[in-house]
Amino acid sequence: MTPLDIVLLMIVVVLLAAVVLLWQRGNRMAELDKSALEAARQEAQVMLDAARKDAQTTLETARSQAQALLENARAQARELTATAQNEARSTRETAQAEAERIRTDAENRVRTRMAEERERLQTALAAERESLKLERERLQSDLTAVRAEREELKRETERLARRGEQLDARAARLDEQEEKLDAHEKALYEREAELAARERHIDLKLQEVAGMSQEEARSLLLTRLEAELEEERAHRVRASLEKARLEVKREAQKLLAQAMQRQASETAAALAVSVVPIPSDAMKGRIIGREGRNIRTFEALTGVDLIIDDTPEAVLLSSFNPVRREIAKMALEQLVSDGRIHPSRIEEVVEKAKNEMKTYIYERGEEAALEAGVVGLKPGLVQLLGRLHFRSSYGQNVLKHSVQVAHLTGIMAAELGLDVTLARRAGLMHDIGKSVDREIEGTHVEIGITLASRFGEPKEVIDAIAHHHDPENGETLYSVLAAAADAISAARPGARRESLEEYIQRLEQLERIAMSFPGVDQAFAVQAGREVRVIVKPDKITDTKATLLAREIAGRIERDMNYPGQVQVTVVRESRAVEFAK
């Protein structure tokens, strides 16, 4: 091997080392830039040319070192190659791990974002469905109201048309009678002139025959006529009084018949069962709850029997008290729509329904006042009026009865030329005392007088409330009209059912007996009066006293009441421990 070859070999080794270093840097950078590689090649070429020029001058000095440098270069080349391979492998593994981690993080972020978006869309869809449902219900109610108004306008148009035809016929008859009266009057005038002439002739003859003057004959004649007419006058007065009495009775009957014909309200009877629709029969199991805990909690809080039978997609609420039944219906509908049914949620929803009931009662009072055409009622009176929606008298809804009495009183007042607005107000308010007569001592008449005076009602309204059961003692005609309208509304077929009223009074008496014992918190008569559920205060009644209390209530019921079959007394005592984590 010549020295030139050795020098060339060294140059090649150096170039190889440079290439290895450049390759290692390229692996770290992931890709070698082509322009940098071309520059390196040019530089290497320049270095090669310079080495060739210097090789001639350094040939002697490099010969002795060439072999050692060659070995050293080979060792370094091998070492650099191994290092480059190891670093390249490590870099590749690190890059793969980092890529896998980035991919995993990206997938997790995408999944999270998709879950959030799905939940948001579901919430928006549910809200949109609820909005559409409410809008559909509102449109249906508006459509029903429009249809009812259209029917009312149609009936009113037909009535006016018949009234117009009757008036035309009556006008024709009056014209004909007027013509006849004119002809008759003319004949009477002619007859009167003829009779006057004959009377003068007869007077002259009578004076000649009797030998008396006209004044003497008139005096004698009047004396005889007075004696004859005295008895005739008595008969005529008696006949006139009898005729007037018959005509007044006939006119009153006509007035009442017309009022009853123009006011034909529907028969509203209070029922003891309400139906609550559910989306599917699977909801019945959720309403019952594990081991029946949900249904027991619901019945204990509302005092209403929850009947779950084979009726498809519906459950029944049974209670004689319409307020409790309506509260239970509102609460159950909220629970079914919400889907979360457990004891604590039931307690929360029932309490919310009780608060909403106040607003519901006020709305019923406003609707009744609007239907009766009475304005200017104070909010307290409107609230009391709304409570009549849940009050019945012999099975007849008292609020419907009051509205009907208002219409009848207004119709009769219009026929008699009285104040229609005041008459309607008196008719609507005549039974206002029944709204609280089960909570305050006294008759509904006495309570109604007190309430009307407290709210500043007119004296005519107070008189109608005071004497709508004894109109003979009334001071105004409005009490007579209110009494007549009250009798018409109560006496029409199907308006009242006495058996239902007696049944409700019996159930209320059961609850009053249970509530009269100390330590009792609430009492509910359920199962059509066959069971009384008594909820006691746990801090005052122990388990032992609860047994004795049930026996005492049962004995009191046996002594004070008459009832068919038997009555079960169930005393419920529940202890709760409540603490808050702060």
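Side chain of R425 to backbone of V375: a donor-acceptor contact under 3.5 angstrom is found. Distance alone, capped at 3.5 Å, places no donor-acceptor pair between the H407 side chain and the Q404 backbone. Without hydrogens or angle criteria, R364 side chain to L388 main chain gives no donor-acceptor distance under 3.5 Å. Remark: the backbone N or O of E313 is paired with a side-chain donor or acceptor of D281 at under 3.5 angstrom. Counting only distance, with no hydrogens or angles, the side chain of R556 and the backbone of I513 share no donor-acceptor pair below 3.5 Å. The closest donor-acceptor contact from the side chain of R424 to the backbone of V374 lies at 3.5 Å or more, if one exists at all. With S131 contributing its side chain and A127 its backbone, the two residues share no donor-acceptor pair below 3.5 Å. For R325 (side chain) and S319 (main-chain N/O), a donor-acceptor pair under 3.5 Å exists by modelled atom type. Side chain of E531 to backbone of Q568: no donor-acceptor contact under 3.5 angstrom is found. Remark: the backbone N or O of A483 is not paired with any side-chain donor or acceptor of H467 at under 3.5 angstrom.
Taking the six-membered ring for Trp and the full ring otherwise, the centers of H401 and H430 sit less than 6.0 Å from each other.
Summarising the local packing, CZ of R138 is surrounded by more than 12 heavy atoms from other residues, nucleotides or ligands at distances under 6.0 Å.
When side chains are defined from C-beta on, L332 does not count as touching T302, because their heavy atoms never get closer than 4.5 Å. In this structure, L385 and M429 have side chains that are in contact, with non-hydrogen atoms separated by less than 4.5 Å. Contact annotation: the side chain of V405 never approaches that of L428 to less than 4.5 Å [non-hydrogen atoms, C-beta and beyond].
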Audit row: E151, R147, side chain to side chain contact (heavy atoms under 4.5 Å, CB included) steps and yes/no: CA-CA 6 Å; E151 291 295 330; R147 288 177 178 173; 5.6 Å; no

Decide side chain to side chain contact (heavy atoms under 4.5 Å, CB included) for D305 and E299; before the verdict, give the C-alpha distance in whole Å, the side-chain angles of both, and the deciding distance to 0.1 Å. CA-CA 6 Å; D305 276 340; E299 291 180 345; 4.2 Å; yes

For a side chain to side chain contact (heavy atoms under 4.5 Å, CB included) check, start with the C-alpha distance between E511 and L507, then their side-chain angles and the critical distance, and finish with the verdict. CA-CA 7 Å; E511 293 185 353; L507 297 184; over 6 Å; no

Take K329 and E326 through the salt bridge (charged side-chain N to carboxylate O under 4.0 Å, His left out) test and state the conclusion after the steps. CA-CA 5 Å; K329 183 178 180 181; E326 187 65 25; 5.3 Å; no

I'd like to know whether Y362 forms a side chain to side chain contact (heavy atoms under 4.5 Å, CB included) with V382, so could you lay out the CA-CA distance, the side-chain angles of the two residues, the decisive distance to 0.1 Å, and finally the verdict. CA-CA 6 Å; Y362 189 85; V382 175; 3.7 Å; yes

Salt bridge (charged side-chain N to carboxylate O under 4.0 Å, His left out) between E116 and R113: does it pass, once the steps are laid out? CA-CA 5 Å; E116 293 176 353; R113 191 177 296 108; over 6 Å; no

Chi angles and distances behind the salt bridge (charged side-chain N to carboxylate O under 4.0 Å, His left out) call for R109, D105: CA-CA 6 Å; R109 286 195 299 271; D105 293 343; 5.0 Å; no

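Between Y360 and H389, the ring-plane angle classifies as perpendicular under the 30° and 60° cut-offs.
Between E156 and R159 a salt bridge is recorded (basic side-chain N to carboxylate O distance below 4.0 Å). At a threshold of 4.0 Å, the pair E152-R155 counts as salt-bridged, since one of the basic side-chain nitrogens sits closer than that to a carboxylate oxygen. The residues E117 and R120 are annotated as salt-bridged, a charged nitrogen and a carboxylate oxygen being separated by less than 4.0 angstrom.
Among residues at least two apart or in separate chains, side-chain hydrogen bond (donor to acceptor under 3.5 Å, both in side chains) pairs with a member in residues 535-544 are D543-R573. Every pair passing side-chain hydrogen bond (donor to acceptor under 3.5 Å, both in side chains) that includes a residue from residues 335-344 is listed here, sequence neighbours excluded: D338-R340, D338-R345, H342-S344.
In this structure, a donor-acceptor pair under 3.5 Å is absent between the side chains of D431 and S402.
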